[in-house]
Structure formats: structure tokens, C-alpha cells
There are 2 protein chains.
Amino acid sequence: MNALLTTSAEENYLKAIFKIAEKEPGVVLTNALAAEMGTSAASATDMLKRLSDKQLVAYEKYRGVTLSETGNRLATALIRKHRLWEVFLVDKLGFAWDEVHDFAEQLEHIQGETLTERLDNFLGHPRFDPHGDPIPDAQGKWMRRTQTRLLTLSPGQRGIVTGVDDHSPTFLQYLAELGLSLGAELEVLERTAYDQSAKVRIGERETVLSEKVGQNLFVRII
Amino acid sequence: MNALLTTSAEENYLKAIFKIAEKEPGVVLTNALAAEMGTSAASATDMLKRLSDKQLVAYEKYRGVTLSETGNRLATALIRKHRLWEVFLVDKLGFAWDEVHDFAEQLEHIQGETLTERLDNFLGHPRFDPHGDPIPDAQGKWMRRTQTRLLTLSPGQRGIVTGVDDHSPTFLQYLAELGLSLGAELEVLERTAYDQSAKVRIGERETVLSEKVGQNLFVRII
DNA sequence: ATTTATTTTTAGACAAGACTAAAATGTTTT
DNA sequence: AAAACATTTTAGTCTTGTCTAAAAATAAAT
């Protein structure tokens, strides 16, 4: 029953620390945090002191920072809210998956436990957001997603799109144009050893996808 | 196509000015604004200077303030967003009408024209919010609501609840307990001259409503 | 038309969150 | 182990939005 007063700025820092630690487990360095936040190292240091005072992180000067138990819970709740709102924006309001990030970035800061839970209920307790990213449940438990990259499929193998590792609108729009939305099926026809590009079949269409695409597209092999 | 950068604090002041001017047309005085905002006159003065710099209000020191064309448009858009979100919270998420104000107060500050319009569309372009207050359209046009107070009905007259003039949770909860939600039908049976209280029939039940209730309940006579 | 009372503004401080420039610490290199 | 480089922190300043206390302007009253 902890109220836990946090500002949007603090929450964004917590999320950033979480995100960096997710990719690169261990201590998060001030510069990495500043880069992720698009701010200066000085500002990051300032904020780390504040977060440390509030017991949301364990911070040692010059050594870096990790989330505390509470900080982790808060960051997880934030991601939960962000992704639930993304589902709402796409499934209910009809936005495309490349349009929702900025709105969700604002909506995730709306305070009130009951709102999140009612939203979750309204949406039918989705386990993944429109980009295939898992949505932690109210207790903060995560569901594992298929992390097989298209890159690893051999000719003849077929897969279903389960997510992306690059959330930039340009990539998402490109995928949409190719018919590669979440749940789409594709088959690898050929692979070029030279540049790791792959000829694939998406429905009736055949296209060549670069290594970069193969790297950033998650599939479940079928 | 004006971006019009405004902070939540600025928006709340604009709304407060709008609200006061709605009840008491004319110039809004600093003290009234400070009272509405629950802040000091000094803070209100500070903010009025800022809003004046941004051309959102016409402000003359010691004389008071009025909204500019732009300020008015902004305040209206804010009220539109607030009330649309209230409809969402009640109709879609299943909140009671006395629970939604604080959430809507946060949600109204979410930036992005397209979000509001998609939400409006999703909700089926509602013209009134869960309290019966009119929702201005995208152009800022208002719909007039029946402003007949229950107080004015004579014995024998029947009415349909169309709104409330007191939005406090206690009043709204009381009404809900009585079965007096929006659209509910009632009939005035007797009226006591002494205290303006009224015996009314709501469905099968008969109750006595005080003058205060009669004053704060809007009905359409049928 | 002064005095009195009310309203409003200024002055000076503070907290959050950001910045730049400079100092301090840590890490690598020679 | 000192020099060179990279990283991080401190110091000082800025803006937004708030506060209290004091000064100034307006309105009311004698």
C-alpha cells in the first residue's frame, strides 16, 4: 500500500535504467543513462541522487546504478501501462503500430492502479503489445516471447511474425507495406551467403529482405 | 496549424478562467482565479503574466483577465478532451460517474489532436458526458443542455434526469443510491413550501429530496 | 477627502529538472 | 608511475511553478 510519489521525469529515468539493464545486465553507467535519456551526464547525476534519496535505485558515485526492488516494481508497472495503452490505441482506436509510441509515452504516466486494471480487463488481458513485446501482469510477472530472429531460418522453413527488435516508425511502416504485421506467415526461399539477405514469400508475394531486417524481426518457426 | 506549446499548469489555469467566466460572465479577478485553483493570489498573478506573454489571455494588472480567442479555443479543447475521456471511463471501463473526475483531469492533458478525434469516433461522437455536461465538437461548438432544475417542477410533473450542477462524489453517489442516474425518470408528488423539499417517485420508490438536491439536479420535463 | 479595508502585485525564496563549464575521479597507455 | 584520455561529479545558472511577507493600488467608509 505504498503511495510512492514519483514525477514523470523520475519515471522516465527508471524506465531508461530498466531498459539498459535489460540489454546489458549489470550496473548502468551515468553516460549510458544520459545517452538513453537524450540529456547531459550532469543532469543524469542530479536525477540519480534524487532517485537514490527516494530509495528507488542503488547508486554509488562513479560506479553506476541499479534499480532497487521498489524501482524495479515501478519500472515494470510503467512498461505494463505503456504496452496496455498501445494495445488500446491499436485495437480500439485503430492506430497503426508505428503511430502509438508517443501517445503511450504520455499515457503511461497517468496515475491510478484501478485505471490500469480496468483497462487490462477491457482489453481482455492481452499478453503482448502490438509490437509483440510482452506485457507484465499486475504482479509484475513476465511472459517469455519467441526470440528467434528471421535471420536464423534456413530455406524451406516457415515462420510467424511474433515481434520486432527495432521499434522505429520507418521500420514498422516498411514491414506493414510488406504485409508483415504481427501474426503474418512467411517462408524463407533462399539465403544469400554473401550478405545474409533472404528471399522470402509472404502470402503470394516474394521479396528480398536484408540482413538488417532479418536481424530485427522475431518469428516463431512452424 | 498552430503547435501552441502549453504546460499542464497553464492549461489548468485556462480551464479555471473559462469555468469562472462561464458562471459569471465578464472579467475574471485574480483572487477568484486563485481560489478556483486552490493557490495564492501571488501565484495566480505570476501565471497570468506568463499566459499574457503567450497571448492566451488579455490581462491588465489590477483589472482582471479574459481569455483570448486562442485561449478560449484551447480551454474548449481541454474540456472536450476531459469529457470524452469521462465517457470512455464510464461507458467502456465501467467506472461509476463519481469515480472518473481525477483520471479525466490527468487524461485531458495528453497531447495530440488525432488521439482526441479517434477517441471521439470510437465513442460514437457523444454529445454529453456521464454527468450530462455537453461535449463541444472538434470545432468548439457547444450543444445546449436542458437547464431546468428539479426545484421548478410542480406536483404532478414528471422529468428525466439530464445532468447535475454539483459534481462532488458525495452528491453523485447519493443520486446513484436513489437510482437517479442520467436518463432516470421521476415524478414530483408533493412539495413542501416551508423548505422547498419535494416528495418524488423514482420507479417504485418514493423519497423526499431536499432543496439542495432540487437545486443541483437538471431534468427535462416530459 | 482622508482613513480603512480589500485586492493585487512585487520581492525574495524554494524545489524540480535542465544546461554549460570546470574540477575530480577512474582507466589506459607508455 | 606519470601522462593522457574518458567518465563522472560539482558548481553555478536558468525556467517553471509554487510559497510568504511586504508594498502598492483600488474600493469603501467615515
Side-chain angles (χ1 to χ4, degrees), chain A residues 3-17 20-21 24 26-67 71 74-75 78 105-106 108-109 111, chain B residues 3-17 20-21 23-24 26-67 71 74-75 78 105-106 108-111:
Chain A
L4 261 184
L5 246 293
T6 45
T7 66
S8 293
E10 287 168 348
E11 293 182 343
N12 286 333
Y13 272 93
L14 291 176
K15 247 197 344 168
I17 296 168
I20 296 166
E24 201 86 34
V27 166
V28 171
L29 300 177
T30 304
N31 257 6
L33 181 55
E36 174 68 32
M37 289 297 298
T39 186
S40 71
S43 302
T45 302
D46 283 353
M47 182 54 91
L48 286 178
K49 281 191 239 168
R50 261 190 297 267
L51 293 176
S52 188
D53 288 348
K54 293 194 176 186
Q55 318 252 36
L56 296 171
V57 300
Y59 167 57
E60 279 186 87
K61 41 161 61 180
Y62 292 103
R63 304 268 102 159
V65 71
T66 53
L67 291 177
L74 238 149
L78 230 18
E105 206 68 17
Q106 299 180 63
E108 72 188 3
H109 298 295
Q111 303 284 347
Chain B
L4 262 183
L5 246 293
T6 44
T7 66
S8 292
E10 287 169 348
E11 293 183 343
N12 286 334
Y13 273 93
L14 291 176
K15 247 196 345 167
I17 296 168
I20 296 165
K23 289 248 166 183
E24 201 85 32
V27 167
V28 171
L29 301 177
T30 305
N31 257 6
L33 182 55
E36 174 68 32
M37 289 297 298
T39 186
S40 71
S43 302
T45 302
D46 283 353
M47 182 53 92
L48 287 178
K49 282 192 240 169
R50 244 169 281 147
L51 293 176
S52 188
D53 288 348
K54 291 195 177 184
Q55 317 252 38
L56 296 172
V57 300
Y59 167 57
E60 278 186 88
K61 41 161 58 181
Y62 293 102
R63 303 270 103 161
V65 70
T66 53
L67 291 176
L74 239 148
L78 230 18
E105 206 68 16
Q106 300 179 63
E108 72 188 2
H109 297 295
I110 304 290
Q111 303 285 346

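Just so it is clear, the values below take in all heavy atoms, side chains as well, and ignore hydrogens, waters and symmetry mates. A note on names: the letters A, B, ... follow the listed sequences, proteins ahead of strands, and every chain is numbered from 1.
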Exercise. Side-chain N or O of A:Thr39 less than 4.0 angstrom from OP1 or OP2 on C:dC19?
Worked result: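 For A:Thr39, the contact criterion (side-chain N or O under 4.0 Å from OP1 or OP2 of C:dC19) is met.
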
Problem set entry | B:Ser43 side-chain N/O to D:dC19 phosphate OP1/OP2 under 4.0 Å |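 B:Ser43 to D:dC19 OP1/OP2: side-chain N or O found under 4.0 Å.
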
Problem set entry | Non-neighbouring partners of B:Lys49 that pass side chain to side chain donor-acceptor pair (under 3.5 Å), sequence neighbours left out |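 Once residues adjacent in sequence are excluded, B:Lys49 has no partner under the side chain to side chain donor-acceptor pair (under 3.5 Å) criterion.
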
Problem set entry | B:Ser8: partners by side chain to side chain donor-acceptor pair (under 3.5 Å), with sequence neighbours left out |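 So B:Ser8 forms no side chain to side chain donor-acceptor pair (under 3.5 Å) with any residue.
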
For this session: Could you grab the distance from atom CD of B:Glu108 to atom NZ of B:Lys15, nearest 0.5 Å is fine?
Result: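 Spacing of CD (B:Glu108) from NZ (B:Lys15) equals 3.5 Å.
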
Exercise. Looking at OG1 of A:Thr66 and CD1 of A:Ile20, how far apart are the two atoms once the value is rounded to the nearest 0.5 Å?
Worked result: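 Spacing of OG1 (A:Thr66) from CD1 (A:Ile20) equals 12.5 Å.
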
Exercise. Reading nucleotides 4-17 of chain D from the 5' end, what letters show protein touch, with B for base, S for backbone sugar-phosphate only, - for no heavy atom under 4.0 Å?
Worked result: ---SBBB-----SB

Exercise. At their closest point, which heavy atom of A:Val65 faces which heavy atom of A:Leu48, and how far apart are they?
Worked result: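 It is CG2-CD2, 3.9 Å.
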
